[in-house]
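Labels below follow one simple rule: chain letters A, B, ... track the order of the sequence lines, proteins then strands, and each chain is numbered from 1.
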There are 2 protein chains.
Amino acid sequence: MSIQTIERAFALLRTLALGPVGVTELAERVELPKSTVARLLAALEAENAVEQIESGGGYRLGPGLVDIAGGAQPGRNLIASARPHLLELAEKTDEVAGLSIIDDGQVLYLDQTESSSSVQVRDWSGEYAPLHAVAAGLVMLAHMPDDEIEGYLAKPLPKCTDLTMTDPDDLLERLEHVRHLGYAWSYEEFAEGLNSVAAPIVMPDGRVESALHVHGPAYRFPDPDQAHDHGLAVIEAAARLAEQLAD
Amino acid sequence: MSIQTIERAFALLRTLALGPVGVTELAERVELPKSTVARLLAALEAENAVEQIESGGGYRLGPGLVDIAGGAQPGRNLIASARPHLLELAEKTDEVAGLSIIDDGQVLYLDQTESSSSVQVRDWSGEYAPLHAVAAGLVMLAHMPDDEIEGYLAKPLPKCTDLTMTDPDDLLERLEHVRHLGYAWSYEEFAEGLNSVAAPIVMPDGRVESALHVHGPAYRFPDPDQAHDHGLAVIEAAARLAEQLAD
DNA sequence: ACCAGGCGTTCCACATCGTGGAACGCCCGC
DNA sequence: GCGGGCGTTCCACGATGTGGAACGCCTGGT
């Protein structure tokens, strides 16, 4: 059994995959009334599955499809696989969600969702941050072998803001707490006015080389009532992603 | 304005992107009646957008989405970009469509659609064939600079079947014909019982390094009435793909 | 400047199509 | 072997998507 609306919507998508087209030609190619095609396209646009070429022109495929399909790829791409989870996290928390890995003893931000909120958080993709100053770094640090942790804490720790925690003993205690909770918060320790929660992406062999996080402006994030819930949400998303990366 | 069915279908897809789930849990997560979810999933399955995990288990995203989304990727993957065009060609002609490139003076088959027909054509992906023995090779040869063509024809030309054309002069004449028509047919010249049509994918700089083709069993393909139409269909698909690769 | 043609969009009465609660049958694990 | 939970199917109902026709805009030929 199949559903007319869905059949038609996919026919449109498949035709658009061959290249951008206008409503009229699209309607001819799929043999449907123009009005029906226009309405379906509007609905697909609301889902980001298609987008209009500079208001008035034709339509082309949109990024929404890629976001969804990324998780389906048999292979490997961490960023693509993480995208749907980032989007869900962002929607759940109404803040910006991101993905980071550990690279050369630092946190490297790989990707983050777009913010529709008027109060923007800048895009950190491609930027580095010290492990001990951001939530994502703390969860990754917390899951490193003891000797590596000690090695990291033995070196001088940069102070990014007034609130950056740099005392090795305090940090060790904090890491213990993070391991226990499963997630970490950081409060304006890397950049002023910026808070974030992160949870580790645990690989099948137990190693942690990447993390998911959510961050937002300190004045509204986190709402104290929801801090723990947000932590759990990030943990759940990270767990699901890890499971998906496993097979 | 938006359409209920489409909103719901995409909600399902987005949730499935987080990992495989069963109908019941899916229904809870998107807050819809189980029956509605089951029906939508069945419809999406018909579009290959989702697939059922070994009859009875849950559902996961299917390959259909990736096929569609491939063309939307900003990045350049020839195989991914070609996929939607192959699928359309295959549907139009009701035979197998494929993509090939020229590699080290031979045709290298990169990808082909699955055949649902009972009379199968084998999957040539990853296989090599001599330029002069297959349609895809002929169109690529036809668009090479004259000196390269002569260089190729000067070497001894392997005879794959009784019908393989190996005389350089005959081939030169045939290439002229191919350039004029824009597509090429080959009739059991590479493998017995196998015919195919191909058209070149012309890059913006005029070079031709890849081709689209359709092939099928000689006893039914091509229907003489449709041979030219099939040629035009392959040309059109190749042109659209080329345009898409251009920007 | 103008108008003709073609585009994407909107409208609205109609009936098709999707809906969802309930009932079914199956497989699994207690 | 039996209860619970799964995915699936059924069917009367009416909400929902439909599509022909009409609209307004921009474009380019005159």
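The shortest side-chain heavy-atom distance between A:V139 and A:V208 does not fall under the 4.5 Å cut-off.
Contact between the side-chain N/O atoms of B:Y59 and the OP1/OP2 oxygens of D:dT8 is found at a separation under 4.0 Å. Between A:R8 and the phosphate of C:dG18, there is no side-chain N or O to OP1/OP2 separation shorter than 4.0 Å. A:Q4 has a side-chain polar atom (N or O) that falls below the 4.0 Å cut-off from OP1 or OP2 of D:dT18.
Between the P atom of D:dG7 and the CG atom of B:L12 lies a distance of 13 Å, rounded to the nearest Å. For A:L41 and D:dG17, the CG to P distance is 15 Å, given to the nearest whole Å. Atom CD1 of A:I6 is separated from atom C1' of C:dT16 by 16 Å (rounded to the nearest Å). Rounding to whole angstrom units, CG of residue B:L40 and P of D:dG7 are separated by 15 Å. Rounded to whole angstrom, the span from the CD1 atom of B:I3 across to the C1' atom of D:dT16 amounts to 9 Å. If you measure from atom CD of A:E7 to atom P of D:dT18, you get 11 Å, rounded to the nearest angstrom. In this entry the distance linking CZ of A:R60 with C1' of C:dG8 reads 16 Å, nearest Å. Spacing between atom CD of A:Q52 and atom C1' of D:dC26 amounts to 14 Å, rounded to whole angstrom units.
Taking all atoms of both residues into account, the shortest heavy-atom contact from A:S196 to A:H215 is CB-CB, 3.1 Å.
On a pure distance criterion of 3.5 Å, no polar donor-acceptor pair joins the side chain of B:R39 and the base of C:dG18.
A distance-only check finds a donor-acceptor pair linking the side chain of A:N195 to the backbone of A:F221 [under 3.5 Å]. With B:S186 contributing its side chain and B:V134 its backbone, the two residues share no donor-acceptor pair below 3.5 Å. A:R83 places no side-chain N or O within donor-acceptor distance of the main-chain N or O of A:D67, the cut-off being under 3.5 Å. A side-chain donor-acceptor contact under 3.5 Å links B:T113 to the backbone of B:A97.
Distance from the side chain of A:A38 is smallest for C:dT9 among the nucleotides D:dG19, C:dT9, C:dT19.
Less than 4.0 Å separates DNA chain D from at least one heavy atom of each of the following residues of residues 20-37 of chain A: A:P33, A:S35, A:T36.
A centroid separation of 6.0 Å or more is found between the aromatic rings of A:H230 and A:Y183.
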